[in-house]
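In listed order, ligands and their atoms are each counted from 1.
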Amino acid sequence: MEKLLNEISSECKAAFNVNCDVESDLNIPQNYKRNADLGLPCVAENDLLRHFTNLSRKNYALSTTFYPLGSCTMKYNPLINEKIAGFDGFNCIHPSQPAETIQGALELIHNLEKDLCEVSGMDYFSLQPAAGAQGEFAGLLIIAKYFKSIKQKRTKIIVPDSAHGTNPASAAYAGFEIMPLKSESDGSLSAQKVKELLTPEVAAIMLTVPNTLGVFEKEISEIAKASHENGTLLYYDGANLNALMGMVRPGDLGFDVIHINLHKTFSTPHGGGGPGAGPVGVKAFLEHFLPVPRVENKNSKFVLNYKKSKSIGKVRAFFGNFPVLVKAYAYIKALGAKGLKNASVQAVLNANYMLAKFKDKINVPAGSRCMHEFVLSPKSVLQNGVRTVDIAKRLLDYGYYAPTVYFPLIVEEAIMIEPTETESKETLDKFVETLNKIILDEAVNEPHKVKDAPVNTPVKRLNEVEAARKPILKWSG
Ligand SMILES: *Cc1c(COP(=O)(O)O)cnc(C)c1O
């Protein structure tokens, strides 16, 4: 067990003191100065270095392990993007500076907005939201404000039962009532069922394309047409854009409002939960409602426009998570249109390659073809009371990060796998072989191994709810 820094701390230890010739108390008024010691642990440099290196080794990371976390698009995040986001010109500016002094940063925001429009077929974007879920929330506020402006009382949002949990949560948080839409056995939606739900109160329908089972909605055109005829808007959850780049654009499919998860499709490390960016995009008739400030190009100068009377206001401080925007822009420029398309083609190919290797052995509810991810339902082959959670834990013993499990909710014992475009055939083969071995061999012949897993990890099986029920938030050493 790695000890806490407080536990290895002692008064007589101290890091070697590097003299600094900058006066540390420069300009700080006396009343702002600390008068008690900070109480930081005292350790030698190498102890500190080893502490954090050892801790990092106990973790699973994309840089050490295949990370097939469905829906999360754990692709390679080019390290050069970190370097670019750290350039002084990006890193040493402050968002409160006058616009004239941050023209480069504003130009990047402006250009990224244009690129996202090109990739998605939308007319305008705000890059402010800090995550996909916040993009959804901003998008729904835009929808609410739009209907208010045209004096229509629409209080309901249709959300399929296959949707990510953030969809109904965002809609409820924005003040709407949810109308659940049941998906078909292959996870797709029936235009007929959508039509039956379309009443004059329906403000929007939220769709994920390809859906969370990795299937493209075949009836999307009919769904879009029927919704628009009813005056209902179409919301696109763009978390799965990694499957479509350069092939299909949500804007062309009829979507009015969308969000894109830059940290997923456009490569920012997001394994620890952030930071991300969830730009919200709209068709031209909704532009007035986007968050302020808008970055506009006036006579070859970039200006910040706060004067948008119909805007939903601000959803995040300043311009959003700017370094994530820089990384996405660097990624888009490095790959270009051809490269982005190729990324999606390869992502879909990799997923289908894996699916083909599973499909004769383990049930795939959505059928034998997929987009960039797929969902297995091992229920019928699992024996001895072994469940998907056990399979996921056993994968940790083999050094893998576990796939997404029990999502989407409509698939029993779901295992959702997204390999992404940046993995080699050898990695995919090895993972398929391991997962098949756990499900079809170990769970049948040595079930205790699976039920007791993990045994090779720094901590064994955890109580999954205790941390939430009995949080220990203070170190009491
Ligand atoms: C990841 C994801 C979201 C939420 O995005 P965050 O950036 O995690 O807030 C929404 N929908 C789907 C389908 C997702 O995969």
Side-chain angles (χ1 to χ4, degrees), residues 62 67-75 77 116 120 125-141 157 159-174 178 181 183 187-189 204-217 234-245 250 255 257-281 315-316 320-321 323-325 327-328 347 351 366 370-375 403-411 414-420:
L62 189 66
Y67 211 122
L69 197 62
S71 211
C72 295
T73 311
M74 306 306 278
K75 63 162 84 173
N77 306 300
L116 295 180
S120 67
F125 269 90
S126 164
L127 311 184
Q128 236 179 61
Q134 204 190 14
E136 291 169 25
F137 181 57
L140 288 153
L141 290 183
I157 303 274
V159 183
D161 57 3
S162 58
H164 195 271
T166 51
N167 288 195
S170 300
Y173 205 51
I178 316 300
L181 167 62
S183 44
S188 65
L189 299 176
I205 174 166
M206 295 183 87
L207 301 177
T208 311
V209 186
N211 64 30
T212 53
L213 274 97
V215 179
F216 190 83
E217 292 298 349
L234 273 93
Y235 184 93
Y236 178 81
D237 176 336
N240 290 343
L241 192 66
N242 206 48
L244 299 182
M245 288 184 292
F255 285 95
V257 185
I258 82 171
H259 82 261
I260 296 175
N261 303 56
L262 293 189
H263 44 292
K264 293 178 180 171
T265 311
F266 299 107
S267 79
T268 275
H270 57 283
V280 57
V315 296
R316 179 88 169 85
N321 283 338
V324 178
L325 309 181
K327 289 181 234 180
C370 64
M371 295 294 289
H372 67 312
E373 63 189 353
F374 59 94
V375 180
T404 297
V405 293
Y406 298 103
F407 175 76
L409 305 176
I410 50 174
V411 174
I415 300 179
M416 183 191 216
I417 296 170
E418 178 179 9
T420 81

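- For the atom pair CG of L69 and OG1 of T420, the computed distance is 11.5 Å after rounding to the nearest 0.5 Å.
- Applying the ring-ring contact (aromatic ring centres under 6.0 Å, His included) criterion to Y173, with sequence neighbours excluded, gives F137.
- Protein heavy atom closest to atom 5 (O) of ligand 1, with residue, atom name and distance, is N261 ND2, 2.9 Å.
- At least one N or O atom of H263, backbone or side chain, sits closer than 3.5 Å to an N or O atom of ligand 1.
- Checked by atom type, the side-chain pair T268/H270 shows no donor-acceptor distance below 3.5 Å.
- Here is the list of ligand 1 atoms found below 4.0 Å of a heavy atom in K264: 1 (C), 2 (C), 3 (C), 5 (O), 14 (C), 15 (O).
- Atom 6 (P) of ligand 1 has G132 N, 3.4 Å as its closest protein atom, hydrogens excluded (heavy atom only).
- Here E136 has side-chain heavy atoms under 4.0 Å from ligand 1, and that is the only part of it that gets that close.
- At the top of the distance list for atom 9 (O) of ligand 1, counting protein heavy atoms only, stands A133 N, 2.8 Å.
- Looking at S267 and K327, their side chains never come closer than 4.5 Å, going by heavy atoms from C-beta outward.
- Looking only at distances, no side-chain donor or acceptor of E373 sits under 3.5 Å from a matching main-chain atom of G70.
- Checking T73 against E418 by side-chain atom types alone, a donor-acceptor pair falls below 3.5 Å.
- Of all the heavy atoms of Q134, none lies under 4.0 Å from any atom of ligand 1, so neither backbone nor side chain is involved.
- Here CG of L62 is found 6.0 Å from CG of N77. Values are rounded to the nearest 0.5 Å.
- The nearest heavy-atom contact from the protein to atom 11 (N) of ligand 1 is D237 OD2, 2.6 Å.
- Taking every non-hydrogen atom of A239 and a distance limit under 4.0 Å, the qualifying atoms of ligand 1 come out as 2 (C), 11 (N), 12 (C), 13 (C), 14 (C), 15 (O).
- Near S71, meaning under 4.0 Å from any of its heavy atoms, are these atoms of ligand 1: 13 (C), 14 (C), 15 (O).
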